[in-house]
Number of protein chains: 2
Amino acid sequence: MDATAPPPSAAPAAPARRSDATRAAILAAARERFAADGYDRATVRAIAQDARIDPAMVMRYFGSKEGLFAAAVDVDLRLADLSDVPTDALGRTVVVHFLGLWEDDHLRGVLTALLRVGVTHPAGAVRMQEIFAAQVLPAVLQAVPDPAQAPARAALIASQLLGLALTRLVLRFEPAVRLEREEIVDWLAPTVQRYLTAEAP
Amino acid sequence: MDATAPPPSAAPAAPARRSDATRAAILAAARERFAADGYDRATVRAIAQDARIDPAMVMRYFGSKEGLFAAAVDVDLRLADLSDVPTDALGRTVVVHFLGLWEDDHLRGVLTALLRVGVTHPAGAVRMQEIFAAQVLPAVLQAVPDPAQAPARAALIASQLLGLALTRLVLRFEPAVRLEREEIVDWLAPTVQRYLTAEAP
DNA sequence: CAGGCATGTCAACGCTTGTTGGCCTACAGT
DNA sequence: ACTGTAGGCCAACAAGCGTTGACATGCCTG
């Protein structure tokens with residue numbers, strides 16, 4: 001929490017220290033390891049080795065392993081623009097956007113790490129709750145007529161999209177892995193569309 | 001794998017040893033710990049303490065921590081009878097059955113443990129793949145006209161149902177936790193129904 | 001009653017983990 | 001050119017892990 005690192009977006013005039021490259025290397029290695037192994041198996045030593053630095057540097061820059069995790073999974077889902085999407089295209093738009101997130105290398109690492117850690121480590125679950133509340137919920141609020149129903153609808157959408165990521169990218173169920181991108185869109189878009197626009201049952 | 005424990009259903013005449021109570025206590029404690037903490041944080045020592053025995057007993061009865069996990073997550077989803085369900089009631093039947101699984105204390109523990117461990121530990125992911133292939137897929141095959149489409153449809157259903165379990169029981173997204181049982185059925189049944197019976201897109 | 005096997009305890013092992021403090025190096029400001 | 005400081009490495013720590021083997025206890029069979 002008292003990380004020596006400057007917040008990526010807070011300080012307007014970044015001091016541009018000499019150690020920025022090292023810090024970035026640590027963060028990249030950490031994301032990869034957390035995504036591949038989860039919180040406990042992603043050891044500080046392994047991350048340090050990947051980044052070709054000493055484990056002590058991790059502590060110097062991020063205070064602790066938890067601090068490193070918090071810094072590594074700062075993510076922006078870029079879900080701002082649902083208000084000017086045609087109502088009957090909402091489902092498809094959301095699914096396509098979501099699949100797009102997993103194709104960006106950086107985001108893919110962050111999201112997989114979040115999914116893996118969120119399931120095992122309390123801090124990870126809290127982080128996912130925060131992202132849901134701060135990014136997913138507001139976006140759904142833009143697209144839904146009755147604000148009171150937005151949380152439930154957002155949760156249903158999250159359950160389907162995270163469930164897909166889970167079976168396809170983490171558990172690697174073979175049929176889920178085989179699905180083509182367009183197939184996924186065609187199957188899931190109506191589901192999300194219904195969760196967004198159908199009358200509450 | 002060479003666990004001293006008798007397979008629960010293999011030997012027809014169970015010897016009924018004196019240590020069965022201990023073994024059961026260990027298994028129960030293990031399921032609880034694996035479900036609550038995941039594979040790595042569920043230590044053999046903690047499980048032994050919960051079961052009020054010595055950690056060495058775990059090794060004696062189950063060979064290793066991995067052996068204990070394998071024995072603890074032996075699960076039967078009881079999904080055999082989809083062939084005589086009316087076609088247009090399939091979705092609702094599946095969702096209701098799935099929600100019922102989570103209300104049995106034993107199954108709830110096993111399933112949560114599987115979900116938590118499957119995400120972090122390779123052995124857990126393999127186990128979930130096995131269960132999917134051996135239990136979910138055959139059941140879906142009974143309910144679907146074209147067998148070639150069954151795997152993809154089964155994977156989609158698994159993604160939605162596991163996604164719900166994930167957001168509700170593991171990540172504990174607040175709106176997902178708040179959903180009533182009937183609401184879940186009403187929202188998810190049409191989704192599952194479509195994944196089962198809708199024409200492939 | 002004696003022996004043997006199942007049951008259980010205890011203490012210790014080797015290893016890995018996160019974390020710490022001391023020390024070296026090299027660049028920047030005067 | 002000299003010095004302060006930021007960047008980086010090394011060795012070590014205490015704690016916790018899974019696992020092991022030797023030893024105690026009690027039950028059942030002969």
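The sequence lines fix the lettering, A, B, ..., with proteins before strands; numbering per chain opens at 1. Side-chain atoms are counted along with the backbone in the values below, which use heavy atoms only and exclude waters and symmetry mates.
The side chain of A:Lys65 has C:dT19 as its nearest neighbour among D:dG18, D:dT20, C:dT19. Of the candidates C:dG18, D:dC17, D:dG8, the closest approach to any side-chain atom of A:Arg60 belongs to D:dG8. Closest to the A:Ala56 side chain, of the nucleotides C:dG21, D:dG18, C:dC10, is C:dG21. Closest to the A:Tyr61 side chain, of the nucleotides C:dG18, D:dG7, D:dC17, is D:dG7. For A:Val44, taking side-chain heavy atoms from C-beta onward, the closest of the listed nucleotides D:dC17, D:dG8, C:dG18 is C:dG18. When distances run from any side-chain atom of B:Met59 to the nucleotides C:dT19, D:dT19, C:dT17, the shortest one goes to D:dT19. Among C:dA12, C:dG8, D:dG8, the nucleotide with an atom closest to any side-chain atom of A:Met57 is D:dG8.
A:Thr197 places no side-chain N or O within 3.5 Å of a backbone atom of A:Arg194 that could act as its donor or acceptor partner. With B:Arg92 contributing its side chain and B:Ala189 its backbone, the two residues share no donor-acceptor pair below 3.5 Å.
In this structure, B:Tyr39 atom OH and D:dC17 atom P are separated by 14 Å, rounded to whole Å. Between A:Asp37 atom CG and C:dT16 atom P the separation is 16 Å, expressed in whole Å. Distance, B:Asp54 CG to D:dC23 C1': 13 Å, rounded to whole Å. Here the C1' atom of nucleotide C:dT9 and the CD atom of B:Gln49 are 15 Å apart, to the nearest Å. If you take CZ of A:Arg45 and P of D:dC9, they are 15 Å apart, rounded to a whole angstrom. When the P atom of C:dG18 is taken as reference, atom CG of B:Asp40 falls 11 Å away, rounded to whole Å. Taking atom CD1 of residue B:Ile53 and atom P of nucleotide C:dA6, one finds them 19 Å apart after rounding to whole Å. Rounded to a whole Å, the CZ atom of B:Phe62 is 16 Å from the C1' atom of D:dT19.
Contact check, A:Thr22 against D:dG8: a side-chain N or O comes under 4.0 Å of OP1 or OP2. Between A:Ser64 and the phosphate of C:dG18, there is no side-chain N or O to OP1/OP2 separation shorter than 4.0 Å.
The aromatic rings of B:His121 and B:Phe69 sit perpendicular, their planes meeting at an angle over 60°, well past the 30° parallel limit. Relative orientation of the B:Trp187 and A:Tyr195 rings is perpendicular, given thresholds of 30° and 60° on the angle between their planes.
From A:Arg45, atom CZ reaches atom CZ of A:Arg33 across 13.5 Å, with rounding to the nearest 0.5 Å.
Each of A:Glu66 and B:Arg52 was assigned the nucleotide of DNA chain C with the nearest heavy atom; the assignment lying further toward the 5' end belongs to B:Arg52.
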